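Written out below as structure tokens is the structure these notes cover.
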Amino acid sequence: MSDKRTISIFCVDTIGGGGTEVWVRGLIKNLATEYNIRLVSSTVNSEIVQYLTEIRQIVLPKRPAVLRVLLFSIFSTLVSIDKSDVIHVVGAITFKKSHLNTVHFYHRENLRLRHKTIYQNNSKLRIINRTIYTLVSCVLEKLIYRKYFSKKLASVSPEMCSLLMKDFARHVYLTHNGIDLAELGTSSNRYRAPYLLFVGGDWERKGLSDVINCVAEIKQDYPYPIKCAG
């Protein structure tokens, strides 16, 4: 039986990646040297399982988006997390008070920029679903990003920090959602060929389609393969 104290971490994220994102994985790895780690999360990254003594995963339907965010808001608000040492939330999806709320995607700004998206979607059902989802998210943001629910707000870009500070009149921490090249097992000198690394999902304004188009052009200048990771 281990004499280590157990640290309970509660992570909430409906999308599928942010619950155990880069900085949370680092936190768990560091704490695991001195503590037992109990994780309650919507997502569990396979690489951190070895550092955990207990896992409780929250599983809810992912589609449609509106149903997902509403169910998650209700469930995560009702679930008991009073004994959690760290409460981390990604986005405005729970009415539980959090120690840190990281904002990756500001739906109010996304609604304003929707006409600039590079994607052309002719499905009326999907357009309606995404519009309702965005409007619901905007309402939740207006409520949950206030100090009463979110003790600290952190965002991944200076531009988004400025928007949040303007809308909520409070300080927002900047935390770069970067990657650790050591974890990927790569370095700048390991490959003779260019190594193309893309960090992000196939979301609007993330630039994945631009990267794919650029690969074809880059290949014209290099006779050997371009190594890609994403």
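Nothing fancy with the numbering, it's 1 onward along the sequence. From a predicted model like this one, the values you see are computed outputs, not experimental measurements.
- Without hydrogens or angle criteria, His107 side chain to Thr134 main chain gives no donor-acceptor distance under 3.5 Å.
- No side-chain donor-acceptor contact under 3.5 Å links His88 and Ser98.
- Atom CG of Leu31 and atom CG of Asn36 lie 11.0 Å apart (nearest 0.5 Å).
- Checked against ring pair (Phe, Tyr, Trp, His ring centres under 6.0 Å), Phe168 has the following partners two or more places apart in sequence or in another chain: Tyr145.
- Counting heavy atoms from C-beta on, the side chains of Leu153 and Leu100 never come closer than 4.5 Å.
- The shortest side-chain heavy-atom distance between Val86 and Phe10 does not fall under the 4.5 Å cut-off.
- Separation of atoms OG (Ser41) and CD1 (Ile28) is listed at 8.0 Å; rounding is to 0.5 Å.
- In this structure a side-chain-to-backbone donor-acceptor pair under 3.5 Å is present from Asp85 to Ser8.
- Contact check for Ile9 versus Ile37: side-chain heavy atoms found under the 4.5 Å cut-off.
- Between Gly91 and Val89 the shortest heavy-atom distance is O-CG1, 3.1 Å.
- For residues 159-173, the pairs satisfying salt bridge (charged side-chain N to carboxylate O under 4.0 Å, His left out) are Arg108-Asp167, with sequence neighbours left out.
- The closest donor-acceptor contact from the side chain of Thr94 to the backbone of Lys96 lies under 3.5 Å.
- Between Ser155 and Val103, the closest heavy-atom pair is OG-O, 3.1 Å.
- Inter-residue side-chain proximity for Lys142 and Leu140 is flagged as unmet; no heavy-atom pair is nearer than 4.5 Å.
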Inset, instruction - Take Ile48 and Leu39 through the test side chain to side chain contact (heavy atoms under 4.5 Å, CB included) and record every step on the way to the result. - result: CA-CA 10 Å; Ile48 63 167; Leu39 176 67; 4.1 Å; yes
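- Put simply, the side chain of Ile55 reaches to within 4.5 Å of the side chain of Val49, judged on heavy atoms.
- Going from atom CE of Met165 over to atom CE of Met160 covers 12.0 Å, rounded to the nearest 0.5 Å.
- The closest side-chain heavy-atom distance from Val40 to Ser84 is not below 4.5 Å.
- We find the CD-SG distance between Gln57 and Cys11 to be 11.5 Å, quoted to the nearest 0.5 Å.
- In the hydrophobic clustering of ILVMFWY residues, with side-chain heavy atoms under 4.5 Å counting as a link, Ile74 and Ile93 come out apart.
- Atom OG1 in Thr6 sits 11.0 Å away from atom OH in Tyr35 (nearest 0.5 Å).
- Checked by atom type and distance alone, the side chain of Thr33 pairs as donor or acceptor with a backbone atom of Asn30 at under 3.5 Å.
- Identified under the salt bridge (charged side-chain N to carboxylate O under 4.0 Å, His left out) test for residues 49-59, with sequence neighbours left out: Arg38-Glu54.
- Checked by atom type and distance alone, the side chain of Thr77 pairs as donor or acceptor with a backbone atom of Phe95 at under 3.5 Å.
- A side-chain donor-acceptor contact under 3.5 Å links Ser162 to the backbone of Pro158.
- Shortest non-hydrogen contact noted between His99 and Lys151 is O-CB, 3.7 Å.
- The closest side-chain heavy-atom distance from Ser150 to Ile144 is below 4.5 Å.
- Stacking of Lys97 on the aromatic ring of Tyr148 is recorded, both the 6.0 Å distance cut-off and the 45° axial limit being met.
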